[in-house]
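Everything on this sheet refers to the single structure shown next.
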There are 2 protein chains.
Amino acid sequence: MVIGKPVRDRRAERHEATKEEILDAAWDIARTEGLAAVSLRDIATRVGMRPPSLYTYFDSKLAIYDAMFAQGAQQFADAEPWDELTGDVRHDLALMFRTFIGFCAEDQARYQLLFQRTIPGFEPSPESFAISQASLGRVVEQLERYGVTDPRSIDLFTALGTGLASQQLSNEPGGDRWIRLIDDATEMYLHHMETTNQRATAKGRAAR
Amino acid sequence: MVIGKPVRDRRAERHEATKEEILDAAWDIARTEGLAAVSLRDIATRVGMRPPSLYTYFDSKLAIYDAMFAQGAQQFADAEPWDELTGDVRHDLALMFRTFIGFCAEDQARYQLLFQRTIPGFEPSPESFAISQASLGRVVEQLERYGVTDPRSIDLFTALGTGLASQQLSNEPGGDRWIRLIDDATEMYLHHMETTNQRATAKGRAAR
DNA sequence: CAGGTTTTCCTATCACCATTCGGACTTTAC
DNA sequence: GTAAAGTCCGAATGGTGATAGGAAAACCTG
């Protein structure tokens with residue numbers, strides 16, 4: 001018989017598992033009732049506890065939001081399509097737009113938590129914020145590989161992305177209307193790249 | 001001495017004045033503490049009442065939000081620059097973007113109420129919603145005068161507008177960086193118009 | 001001006017919310 | 001076995017929006 005892990009780890013493991021369970025319940029409520037409707041009572045009910053017991057795992061309700069933010073930011077990082085880039089600017093730009101907007105549309109509550117700052121007292125902690133910033137940084141790096149170095153052009157890219165996302169979210173899901181909208185946006189931004197930047201060409205091979 | 005209005009009107013007038021006073025207090029709180037931090041208690045304190053007395057003027061807290069929404073939508077309609085259009089597409093598009101973004105940046109709480117749907121149970125009433133829709137309709141009409149009739153191109157326009165707005169809101173106010181960003185966006189959208197639509201020309205005289 | 005009616009505003013109360021405190025009970029460490 | 005650490009709960013606090021019922025004021029009508 002193999003010697004098990006030190007007992008101390010078992011306890012820490014269970015602690016982490018319970019935290020996950022709490023966050024899962026919180027996400028569940030956020031997705032069905034809305035992000036702002038998440039209450040400690042409801043969370044506690046779902047995990048079979050009383051509200052004060054949650055404070056064993058999180059310092060406050062805002063700390064729960066922060067942990068959710070960190071999870072969402074990590075999912076955002078995992079969703080980025082770095083391994084699907086081909087080096088064709090047109091293809092890659094459309095893919096980046098589509099990935100970002102698809103990610104936003106996938107979960108309205110997550111989108112609201114990550115990209116709209118709307119929960120009254122909530123500000124992501126520096127650690128959580130760093131996760132989301134790293135993802136955006138990788139996007140900027142990718143843009144720079146295509147010759148987009150002007151800050152204004154980068155702003156324009158993110159503005160287009162967030163605009164498309166909010167546009168998509170206010171429409172009914174499904175349908176391919178928004179996919180063609182993204183293609184239009186890609187085409188439009190490509191021309192902007194070609195007229196304002198030097199190295200950008202429609203057939204550049206700058207990927208990775 | 002002129003015969004005054006019937007006394008009944010005096011009472012109705014005062015009722016309306018008090019409603020205005022309540023809404024002013026609500027806006028004040030929304031701008032300083034945040035839209036979600038508006039509480040009946042704070043409103044009541046500012047207007048010198050007890051919280052239940054507010055129910056004489058509004059059916060619920062959400063009704064107050066709805067009245068604020070209607071006010072904001074009306075301000076949006078009033079802000080539209082129809083009398084400053086010149087007929088030059090480049091100038092007019094930039095002006096429309098700038099007006100919209102300026103309006104959004106002017107008051108974060110108003111922007112959040114009008115364009116981000118983030119208050120838990122709040123949905124604007126049909127009457128209030130109609131006010132905001134009418135403004136957007138006039139923008140679409142204006143676009144059509146420039147030959148933009150494709151729904152996707154219209155979506156692209158609004159996406160660009162909302163994206164620029166959220167971009168502007170997340171940056172520090174002041175500075176002319178965002179003005180030049182708008183010029184870039186205008187230039188970019190102009191090219192999109194020229195390549196996808198027929199009648200659009202950089203010097204069209206379609207205004208009003 | 002006297003009557004009843006409507007409007008306004010209040011106190012008291014309820015249900016729900018996040019949070020704190022202190023204690024009981026279980027698990028782990030030595 | 002005993003001390004320490006971790007877990008969970010009941011009770012209580014102060015905040016929220018909302019309702020009920022009553023007192024006072026304003027108003028309209030005879």
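Letters A, B, ... are given to chains in the order of the sequence lines, protein chains preceding strands, and every chain is numbered from 1. Bear in mind the structure is a predicted one, so any value in this text is a computation, not a measurement.
Base contact: Pro52(B) has a heavy atom under 4.0 Å from a base atom.
Ring geometry for His191(B) versus His191(A): interplanar angle under 30°, hence parallel rather than tilted (30 to 60°). Between Phe100(B) and Phe115(B), the ring-plane angle classifies as perpendicular under the 30° and 60° cut-offs.
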For the pair Thr162(A) and Gln167(B), evaluate side-chain hydrogen bond (donor to acceptor under 3.5 Å, both in side chains) and give the outcome as yes or no after the intermediate values. CA-CA 8 Å; Thr162(A) 58; Gln167(B) 187 76 14; 5.0 Å; no
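Taking side-chain N and O atoms only, Ser53(A) has a distance below 4.0 Å to OP1 or OP2 of dC9(D).
A salt bridge does not link Arg46(A) with Glu21(A): every distance from a Lys NZ or Arg NE/NH1/NH2 to an Asp or Glu carboxylate oxygen is 4.0 Å or more. A salt bridge does not link Lys19(B) to Asp24(B): none of the charged side-chain nitrogens sits closer than 4.0 Å to a carboxylate oxygen. A salt bridge does not link Arg180(A) with Asp155(B): every distance from a Lys NZ or Arg NE/NH1/NH2 to an Asp or Glu carboxylate oxygen is 4.0 Å or more.
Straight-line distance from the CE atom of Met49(B) to the C1' atom of dA25(D): 14 Å, rounded to whole Å. When the P atom of dT7(D) is taken as reference, atom CZ of Arg11(A) falls 6 Å away, rounded to whole Å. Rounded to an integer number of Å, the gap from CZ of Phe122(A) to C1' of dA18(C) is 17 Å. One interatomic measurement links the two molecules: CG of Leu54(B) to C1' of dA18(D), which rounds to 12 Å at whole-angstrom precision. Distance CZ (Arg50(A)) to C1' (dG23(C)): 17 Å, rounded to an integer number of Å.
The nucleotide whose nearest atom lies closest to any side-chain atom of Tyr57(A) is, among dC9(D), dC17(C), dT7(D), dT7(D). Nearest nucleotide to the Arg14(A) side chain, out of dT8(C), dT27(C), dT19(C): dT27(C). Among the nucleotides dT28(C), dT19(C), dA18(D), the one closest to any side-chain atom of Tyr55(B) is dA18(D). Set against dC10(C), dA5(D), dG17(D), the side chain of Lys61(B) has dG17(D) as its closest nucleotide.
Each of Asp42(A) and Asp59(A) has a nearest nucleotide on DNA chain C; the 5'-most of these lies closest to Asp42(A).
Within residues 15-41 of chain B, the residues approaching DNA chain C are His15(B), by heavy-atom distance under 4.0 Å.
Aromatic ring centroids of Phe157(B) and Phe97(B) lie under 6.0 Å apart.
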